[in-house]
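This report concerns only the one structure given below.
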Amino acid sequence: MPEGPEIRRAADRLAAAVVGLPLQSAWFAFPALKSHEASLVGHRIEAITPHGKALLTRFDNGWTVYSHNQLYGVWKIAAAGERPGSTRSLRVALDTGRSSILLYSASDIEMWRSDDVHRHPFLMKLGPDVLDPTLTAVAVAERLQDPRFRGRALGALLLDQAFLAGMGNYLRSEVLFAAGLLPERKPADLTPAQIRALARELLAIPRRSYATRGIEPAKGMRGDYLTDTPEGFRFLVFDREGQPCPQCGARIVRQESGSRRLYLCRRCQA
DNA sequence: CTTTAAACCTGCTGGC
DNA sequence: TGCCAGCAGGTTTAAA
């Protein structure tokens, strides 16, 4: 599944469904995890938390399930005894008496001791989470000027989870457009005002995506993208090649950046 | 160090 | 209708 906001929304839904309830059964598709099934039964899920695009499901017996959905994983919530139909393959099922959480198609599932999971290689390298409510625009502006990041092209930097965790490909296009910057620009070349604007949008856009939800899936999008309605999060440039720029009317163009698609307005971004 | 490309995971879409 | 190539919101690895 998707980018930081979608992962965090999934975590919220899952937590509301099962946190605090003792497990009646646990099932893993992976042979390496089979031995954990019996030991989880009777124990409660203490928390389900996103870390960038990874999800940690922590149990009260000292174990934590690490999961990363990559492009394909989808969490679903089922009523007790129910199994929602899916064309995808079921990988994890954690059942309480009231409801279950089911993970389909994830490629990366591991069991870690809760005390050690912060040493997971993926979590180790993550920068601050764009959806961490304590992260400030000032801190992001400072990070943009960190020697590790200031010389890198924004197009690559904005996808680097070591810079800011939770950023993703649609957020990248939207943030660069909102900040009026081309992906070739580097933090070192920006004016203080541009740094401030970029830092502000790096927080504002993921947060708006997380906080709002639309009604209809965006054209060309699949799965949990719920966008493109007046009351929800709306793509201004992403996936809008050839359409008029909402600010100036020029054609939105698509280009490759880091072998990922990126959309921009050549008149509004410089 | 940074950038780029390919590979991998799996599911869906569009074209023939 | 059916099959297949191509594409996708991500990440890792290797090469340049």
Side-chain angles (χ1 to χ4, degrees), chain A residues 1-11 29-30 32 50-55 66-76 84-92 102-110 120-127 129-131 144 146-176 182-189 205-206 208-210 213-214 216-228 232-241 254-263:
Chain A
M1 218 162 84
E3 309 183 16
E6 289 72 31
I7 299 295
R8 186 163 293 242
R9 283 207 294 267
F30 308 89
H51 297 253
K53 295 163 197 161
L55 213 60
Y66 168 94
S67 61
H68 193 300
N69 286 358
Q70 238 190 356
L71 290 182
Y72 318 103
V74 175
W75 285 97
K76 290 180 189 268
S86 175
T87 59
R88 303 160 181 233
S89 53
L90 184 62
R91 298 301 174 81
V92 178
L102 311 169
L103 176 56
Y104 293 87
S105 300
S107 61
D108 199 1
I109 311 283
E110 299 165 6
H120 189 287
F122 180 76
L123 301 183
M124 286 266 290
K125 73 166 199 183
L126 290 183
D129 196 309
V130 280
L131 294 172
L144 280 165
D146 184 296
R148 282 178 294 166
F149 306 121
R150 64 194 306 274
R152 298 182 52 191
L154 295 176
L157 187 61
L158 266 51
L159 289 183
D160 187 347
Q161 304 296 295
F163 172 55
L164 289 175
M167 279 293 297
N169 203 41
Y170 80 72
L171 292 172
R172 172 175 72 160
S173 288
E174 297 299 317
V175 166
L176 288 173
L182 290 170
E184 296 78 18
R185 302 296 297 280
K186 297 170 163 55
D189 303 327
I205 288 179
R208 190 158 74 239
S209 176
Y210 168 65
R213 46 200 82 185
E216 312 214 346
K219 176 172 170 293
M221 294 288 100
R222 296 188 289 268
D224 279 6
Y225 277 93
L226 298 174
T227 61
D228 215 27
F233 184 78
R234 183 178 178 81
F235 291 146
L236 297 185
V237 291
F238 186 78
D239 207 35
R240 294 194 180 281
E241 181 180 20
R254 168 183 172 158
Q255 69 182 50
E256 298 298 307
S257 171
S259 60
R260 314 290 304 283
R261 57 195 177 124
L262 186 146
Y263 299 82

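In the text below, chain A, chain B and the rest are named by the order of the sequence lines, each starting its count at 1.
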Once you measure the plane-to-plane angle for A:H68 and A:F122, does it fall in the parallel (<30°), tilted (30-60°) or perpendicular (>60°) bin? perpendicular

Please report the distance, rounded to the nearest Å, between CD in A:E256 and P in C:dG6. 15 Å

Please classify the nucleic acid contact of A:R148 as base, sugar-phosphate, or nothing, using heavy-atom distances under 4.0 Å. sugar-phosphate

Residue pair A:F149/A:S259 against DNA chain B: nearer the 5' end by closest nucleotide is A:F149

A:H68 side-chain N/O to C:dT11 phosphate OP1/OP2 under 4.0 Å: yes

Testing B:dT3, B:dG11, B:dT10 for proximity to the side chain of A:R152, the answer is B:dT3

Write down the distance between CZ (A:F163) and C1' (C:dT11), rounded to a whole number of angstrom. 19 Å

Would you classify A:R254 as touching base, sugar-phosphate or nothing, given that sugar-phosphate means primed atoms plus P, OP1 and OP2, and contacts are heavy atoms under 4.0 Å? sugar-phosphate

Any side-chain N or O of A:R260 less than 4.0 Å from the OP1 or OP2 oxygen of C:dG10? yes

Among B:dT3, B:dG11, B:dT10, the nucleotide that comes nearest once only the side chain of A:A156 is considered: B:dT3

Could you check how far NE2 of A:H51 sits from C1' of C:dT11, rounded to whole Å? 18 Å

Side-chain contact check for A:Q161: nearest option of C:dT11, C:dG10, C:dT12 is C:dT11

Among the nucleotides B:dG11, C:dT11, B:dC9, which one has an atom lying closest to any side-chain atom of A:Y72? B:dC9

CG on A:L171 to CG on A:L158, rounded to 0.5 Å: 9.0 Å

Of the nucleotides C:dT11, C:dT12, B:dG11, which one has an atom closest to the side chain of A:K125? C:dT12

Main chain of A:Y72, side chain of A:R88: is a donor-acceptor contact present, judged purely on distance under 3.5 Å? yes

Give a yes/no on whether any side-chain N or O of A:T87 is located under 4.0 angstrom from OP1 or OP2 of B:dC12. yes

With a 4.0 Å cut-off on N to O distance, would you call A:K186 and A:E184 a salt bridge? no

Rounded distance in Å - CZ (A:F122) to C1' (B:dC8): 16 Å

Atom P, compared across C:dT1 and B:dG11: separation rounded to whole Å: 23 Å

Considering every strand and a 4.0 Å limit on heavy-atom distances, what is the contact class for A:A153: base, sugar-phosphate, or nothing? sugar-phosphate

Could you measure between the two P atoms, the one in B:dA7 and the one in C:dA5, and give it in whole Å? 16 Å

Between C1' on B:dT10 and CG on A:D108, what's the gap in Å once rounded to a whole number? 14 Å

Counting only side-chain heavy atoms from C-beta out, which of C:dG10, C:dT12, C:dA8 sits nearest to A:R261? C:dA8

Using modelled atom types and a 3.5 Å cut-off, is there a donor and acceptor pairing between side-chain atoms of A:R208 and backbone atoms of A:R234? no

To the nearest angstrom, how far is A:L71 atom CG from C:dT11 atom P? 9 Å

Which whole-number value in Å describes the distance from A:D160 CG to C:dT13 C1'? 15 Å

Test A:F163 against every option in A:L144, A:V130, A:L154, A:D146 by the side chain to side chain contact (heavy atoms under 4.5 Å, CB included) rule and name the one that passes. A:L144

Per atom distances to the A:K53 side chain, the nearest of B:dG11, C:dA8, C:dT11 is C:dT11

Distance, rounded to the nearest Å, where A:F238 contributes CZ and C:dC7 contributes P: 15 Å

Tell me which nucleotide among B:dC8, B:dT3, C:dA8 gets nearest to the side chain of A:Q70. B:dC8

Under a 3.5 Å limit on both distances, the Watson-Crick or wobble mate of B:dT3 is C:dA15

